[in-house]
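Step one of this worksheet: look at the structure below.
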Amino acid sequence: MRLSPTHIYSITALLSAGSYALPSPSTYPINTVQCTDSNAAVRKEWSALTPAERIDFTRSVKCLMNLPPKTPKEAAPGTTSRYDDFTAVHMNNTLLIHRNGPFLAWHRHFLRLFQKALTDECGFNGTLPYWNWPWWSDDLPSSPLFDGSATSLGGDGYYNTSMPALRNGNYTFPRGHGGGCIKAGPFANITTGFRNFKVEDALPATLPPDTLDYAPHCVTRDLNSVVSDPGHQPDVVHELITAPSIRAFQGVMDGSVRNTAHLSPHSAGHWSVGIGMQDQYASPSDPAFYLHHGMIDNMWAQWQLRDPETRTFALDGTVTTLNNPPSQNATVDWVVHFGWLDAPRRLGEIMDARGGGSCYRYEYEEGAEKPC
Ligand SMILES: *[C@@H]1O[C@H](CO)[C@@H](O)[C@H](O)[C@H]1NC(C)=O
Ligand SMILES: *[C@@H]1O[C@H](CO)[C@@H](O)[C@H](O)[C@H]1NC(C)=O
Ligand SMILES: *[C@@H]1O[C@H](CO)[C@@H](O)[C@H](O)[C@H]1NC(C)=O
Ligand SMILES: *[C@@H]1O[C@H](CO)[C@@H](O)[C@H](O)[C@H]1NC(C)=O
Ligand SMILES: *[C@@H]1O[C@H](CO)[C@@H](O)[C@H](O)[C@H]1NC(C)=O
Ligand SMILES: *[C@@H]1O[C@H](CO)[C@@H](O)[C@H](O)[C@H]1NC(C)=O
Ligand SMILES: [Cu+2]
């Protein structure tokens, strides 16, 4: 079937967590009120939040870290909290949701489910914030996101002498000043129940059998502006927003230049925060994941809004990571999974930020001066 962005969906089947029953097309969520710029929830850059709003966000995230998991122990022994429920689902789906057709849609819905849990289970009063890459790319440790203050997402890690080198092909990045557990701020010393995957482990055709096992450790950081700076320049963002097709958009988002410091904007955000965020499986164990993916989602939303009729449901790529093993092309009827977080969803249900029961927009202006 062909979905159009002007299609109105019903809100009834919205987020029926826990059920594996696939919603039928007639129960697709509907926005009962037309979603417009004026009634959409507004997602803002971290620095645009008041100190109280930032603290409300980190408090709510820590609240999820202190709630019991809903994932059954046998299904994912490493799940130690409600927060880990999200990491578990991301890990379990890693080989189906990266560098492929479903990537943008799956992560969009994942963020929405995270927002819903923060709001419903922890009284979060705001909208998910995002990380405007170019504003902070040349000095992450001084940014409002990572300065280690009470209104940040926590700072760098403790210095760890055995922090391995980061390599992009034959290019080796100089290491940063961390590598250990998060040293200061609201997320100091946070832990995850899951193992850490190395970049070399990242792309097998099947999920390693110990993926969801219990292997607790602290979330580490190694803030590295040598990584973020080339990948997060304003021209990279401009290329994303002005990409002529979804294939070109995804190519910029994930197409690193081999053997150089020029990582793609997606990889640069992950690698510049540390080994925990670099992990393609368990990266959501660092809350910075959600703000980085907020910016990715923002870029996709800006791109879609430039031509909603043809772009809202545009897909390119197959349904396996790097097409390994070879698979079919993604379509709006392809079903993706969210474990115990939500019912399976067709891509067509979760691609529109202003439809399918969703109604949000990003406060964003390309090229705007960064705040002091
Ligand atoms: C919740 O957000 C609204 C709108 O931003 C604000 O007016 C209200 O004071 C907030 N409530 C709390 C408890 O923070
Ligand atoms: C790294 O350099 C070696 C030797 O020049 C070369 O054989 C290899 O293909 C390079 N690796 C990559 C990823 O380009
Ligand atoms: C230091 O880094 C190494 C390599 O990533 C890791 O195995 C080790 O657990 C880290 N140590 C601490 C204290 O974080
Ligand atoms: C984090 O853990 C280290 C090592 O156990 C400890 O010295 C430090 O006080 C902890 N920091 C915070 C803020 O809890
Ligand atoms: C999948 O998409 C590619 C690229 O658009 C196209 O060349 C190919 O024919 C498609 N395959 C099928 C089976 O539709
Ligand atoms: C992981 O995915 C499989 C299907 O591939 C599913 O059976 C299982 O319940 C999932 N586990 C979690 C924790 O989501
Ligand atoms: Cu991901």
Side-chain angles (χ1 to χ4, degrees), residues 17-22 58 62 65 69-97 102 106 109-110 113 148-150 152-167 173 175-201 205-222 224 271 273-279 281-286 319-321 325 327 334-345:
S19 163
Y20 270 100
L22 179 62
T58 54
K62 284 201 289 189
M65 291 174 175
K70 292 188 178 172
T71 309
K73 199 78 193 161
E74 324 75 76
T79 318
T80 58
S81 68
R82 184 73 180 118
Y83 183 87
D84 275 0
D85 280 339
F86 287 82
T87 309
V89 163
H90 184 269
M91 296 179 86
N92 199 38
N93 284 280
T94 295
L95 304 177
L96 304 170
I97 57 168
W106 192 92
H109 193 59
F110 187 63
L113 296 171
S149 67
S152 71
L153 299 174
D156 210 347
Y158 285 98
Y159 189 75
N160 179 348
T161 46
S162 52
M163 160 77 204
L166 298 183
R167 289 200 190 82
F173 290 97
R175 57 160 295 161
H177 305 285
C181 310
I182 300 176
K183 197 163 43 181
F187 298 130
N189 287 342
I190 55 167
T191 60
T192 171
F194 298 108
R195 61 166 284 198
N196 183 241
F197 285 79
K198 309 272 179 293
V199 155
E200 309 84 80
D201 301 334
T206 56
L207 210 58
D210 66 341
T211 299
L212 299 171
D213 284 0
Y214 183 58
H217 60 92
C218 71
V219 175
T220 65
R221 289 228 178 117
D222 186 48
N224 195 329
W271 292 34
V273 178
I275 298 288
M277 265 284 273
Q278 193 190 28
D279 181 337
Y281 295 79
S283 48
S285 61
D286 187 330
V319 296
T320 44
T321 294
S327 58
W334 176 252
V335 174
V336 286
H337 295 265
F338 297 92
W340 276 262
L341 297 178
D342 191 19
R345 297 284 168 189

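Whatever order the structure lists them in is the order used to number ligands and atoms, beginning at 1. Values below: every heavy atom of this structure, side chains too, minus hydrogens, waters and symmetry copies.
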Between CZ on residue Arg221 and CD1 on residue Ile275, distance to nearest 0.5 Å: 13.5 Å
Judged by non-hydrogen atoms, does Phe338 sit under 4.0 Å from ligand 6? no
Could you tell me whether Asn160 and ligand 3 have an N or O pair separated by under 3.5 Å? yes
Test item: side-chain donor near acceptor, Thr71 and Asp85, under 3.5 Å: yes
To the nearest 0.5 Å, what is the distance between CG (Leu341) and CZ (Arg82)? 6.0 Å
Quick check on contacts: which atoms of ligand 6 are under 4.0 angstrom from a heavy atom of Gly339? 14 (O)
Under 4.0 Å from one or more heavy atoms of Asn189, ligand 4 contributes atoms 1 (C), 2 (O), 3 (C), 8 (C), 10 (C), 11 (N), 12 (C), 14 (O)
Quick one: which ligand 3 atoms are inside 4.0 Å of a heavy atom on Pro164? 4 (C), 5 (O)
For His109 and Phe338, take the angle between the two ring planes, folded into 0 to 90°, and tell me which bin it lands in: parallel under 30, tilted 30 to 60, perpendicular over 60. perpendicular
Within the 4.0 Å heavy-atom shell around Gly180, which atoms of ligand 3 are there? 14 (O)
Please confirm whether Thr71 comes within less than 3.5 Å of ligand 6 when only nitrogen or oxygen atoms on both sides are compared. no
Per-atom contacts of ligand 4 with Ala188, taking only distances under 4.0 Å to non-hydrogen atoms: 13 (C)
Relative to each other, are the rings of Phe197 and Tyr281 parallel, tilted or perpendicular (30° and 60° limits)? parallel
With the threshold set strictly below 4.0 angstrom, can you tell me whether any protein non-hydrogen atom sits that near atom 14 (O) of ligand 3? yes
Is atom 3 (C) of ligand 4 less than 4.0 angstrom from at least one protein heavy atom? yes
Ion pair check, Arg195 and Asp213, cut-off under 4.0 Å: no
Rounded distance (nearest 0.5 Å) linking atom CG of Asn92 with atom OG1 of Thr87: 12.0 Å
Around atom 7 (O) of ligand 4, find the nearest protein heavy atom and jot down its residue, atom name and distance. Tyr158 OH, 4.5 Å
Scan the protein's non-hydrogen atoms and note whether one is under 4.0 Å from atom 9 (O) of ligand 3. no
To the nearest 0.5 angstrom, please state how far the OG1 atom of Thr192 sits from the NE2 atom of His217. 5.5 Å
